[in-house]
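This report concerns only the one structure given below.
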Amino acid sequence: MRYQAIIFDLDGVICRTDQYHYLAWKQVADELGIPFDEQVNERLRGVSRMASFDIILERYDGTMSDEEKIHWTDKKNEIYKSMLTQMGPDDMLEGVADTLHKLRAMGLDLAIGSSSRNTKFILGQLGLSDFFDAISDGTNITRSKPDPEVFVKAAEFLNRAPAECLVVEDAEAGLQAATAGGMDSAAFGEIAIRSGLGTWNLERFSDLIGIVA
Ligand code: BG6
Ligand code: MG
């Protein structure tokens with residue numbers, strides 16, 4: 001096989017949580033009177049919570065203390081988490097459940113590599129708490145994508161060399177992180193594909209089967 005392990009981003013690859021991130025940030029930005037739209041939101045894909053807020057604050061007409069920043073990022077997370085409580089296994093993206101099981105049957109190691117500190121909660125909502133061989137997330141990294149740390153840690157947890165791993169990503173920052181970590185990547189979603197940063201492009205999630213074989 002071409003690869004021995006696959007490391008999946010979570011938000012926007014396994015499930016639709018990227019939309020909830022947008023809606024929660026929008027509420028916070030509206031309350032602060034900061035212009036925020038889908039275009040700014042695209043820059044937040046793969047980026048940590050605080051780094052995302054710093055990007056939103058580029059359009060803020062004022063200054064904000066570190067304490068205030070913590071207040072607003074906590075508030076965003078509360079809004080976001082209340083949206084997550086309504087999620088279930090049906091919120092996996094099309095073809096994900098079936099493809100994951102086929103990849104597992106092919107003998108591949110499967111891991112998550114996500115910047116999110118809510119990763120384990122989301123996997124629980126999706127019914128995937130015990131599915132992956134390793135989880136590397138926002139709780140075990142100090143540097144956010146495009147830094148490769150989250151993927152390098154995932155490969156370490158699996159005892160795999162970077163060259164054995166394929167990363168699946170919907171974010172430009174995530175595709176850059178994979179390359180920086182010495183890993184091939186599969187771009188998923190219109191924006192990631194358009195960036196041209198992936199080793200492969202996924203029109204459908206199930207295309208992964210042909211790529212790894
Ligand atoms: C990434 C998302 O997966 O997680 C980002 O693409 C998000 O948009 C980041 O900011 C951190 O998420 P959380 O759940 O820790 O706030
Ligand atoms: Mg993502």
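Order of appearance sets the numbers: ligands from 1, and atoms from 1 within every ligand.
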Assess the side chains of Asn77 and Asn118: does a donor N or O sit below 3.5 Å from an acceptor N or O?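 Present: a donor and an acceptor within the cut-off.
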
Residues Ser65 and Glu68: side-chain donor-acceptor under 3.5 angstrom: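 Yes, a side-chain donor-acceptor pair sits under 3.5 Å.
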
Check the pair Ile6 / Cys165 against side chain to side chain contact (heavy atoms under 4.5 Å, CB included), numbers first and verdict last. CA-CA 6 Å; Ile6 308 184; Cys165 302; over 6 Å; no

Using a 3.5 Å cut-off on N/O to N/O, what pairs does ligand 1 make with the protein? A line per pair would be great.
from: ligand 1; atom 1: 3 (O); to: Asp11; atom 2: OD2; distance (Å): 2.6
from: ligand 1; atom 1: 4 (O); to: Asp11; atom 2: OD2; distance (Å): 3.4
from: ligand 1; atom 1: 6 (O); to: Gly46; atom 2: N; distance (Å): 2.8
from: ligand 1; atom 1: 8 (O); to: Leu44; atom 2: O; distance (Å): 3.0
from: ligand 1; atom 1: 10 (O); to: Val47; atom 2: O; distance (Å): 2.6
from: ligand 1; atom 1: 10 (O); to: Ser52; atom 2: OG; distance (Å): 3.3
from: ligand 1; atom 1: 14 (O); to: Ser116; atom 2: OG; distance (Å): 2.6
from: ligand 1; atom 1: 14 (O); to: Asn118; atom 2: ND2; distance (Å): 2.7
from: ligand 1; atom 1: 15 (O); to: Arg49; atom 2: NH2; distance (Å): 3.1
from: ligand 1; atom 1: 15 (O); to: Arg117; atom 2: N; distance (Å): 2.7
from: ligand 1; atom 1: 16 (O); to: Arg49; atom 2: NE; distance (Å): 2.7
from: ligand 1; atom 1: 16 (O); to: Arg49; atom 2: NH2; distance (Å): 3.4

Presence of salt bridge, Arg45 and Asp9, under 4.0 angstrom: no

Under-4.0 Å salt bridge between Asp184 and Arg2: no

For residues Thr73 and Arg49, report the shortest heavy-atom separation together with the two atoms involved. O-CD, 3.9 Å

Which pair of heavy atoms, one from Met183 and one from Val167, lies closest together, and at what distance?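 Closest pair (atom of Met183, atom of Val167, distance): SD-CG2, 3.7 Å.
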
Are Phe53 and Trp25, when compared by the centres of their aromatic rings, separated by less than 6.0 Å?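 Centroid distance Phe53-Trp25: below 6.0 Å, so yes.
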
Between Leu197 and Val13, is there shared hydrophobic-cluster membership here, with clusters defined by ILVMFWY side-chain heavy atoms closer than 4.5 Å? no

If you leave out waters, which protein N, O or S atoms are less than 2.8 Å from the Mg ion (ligand 2)? Asp9 OD2, Asp11 O, Asp170 OD1

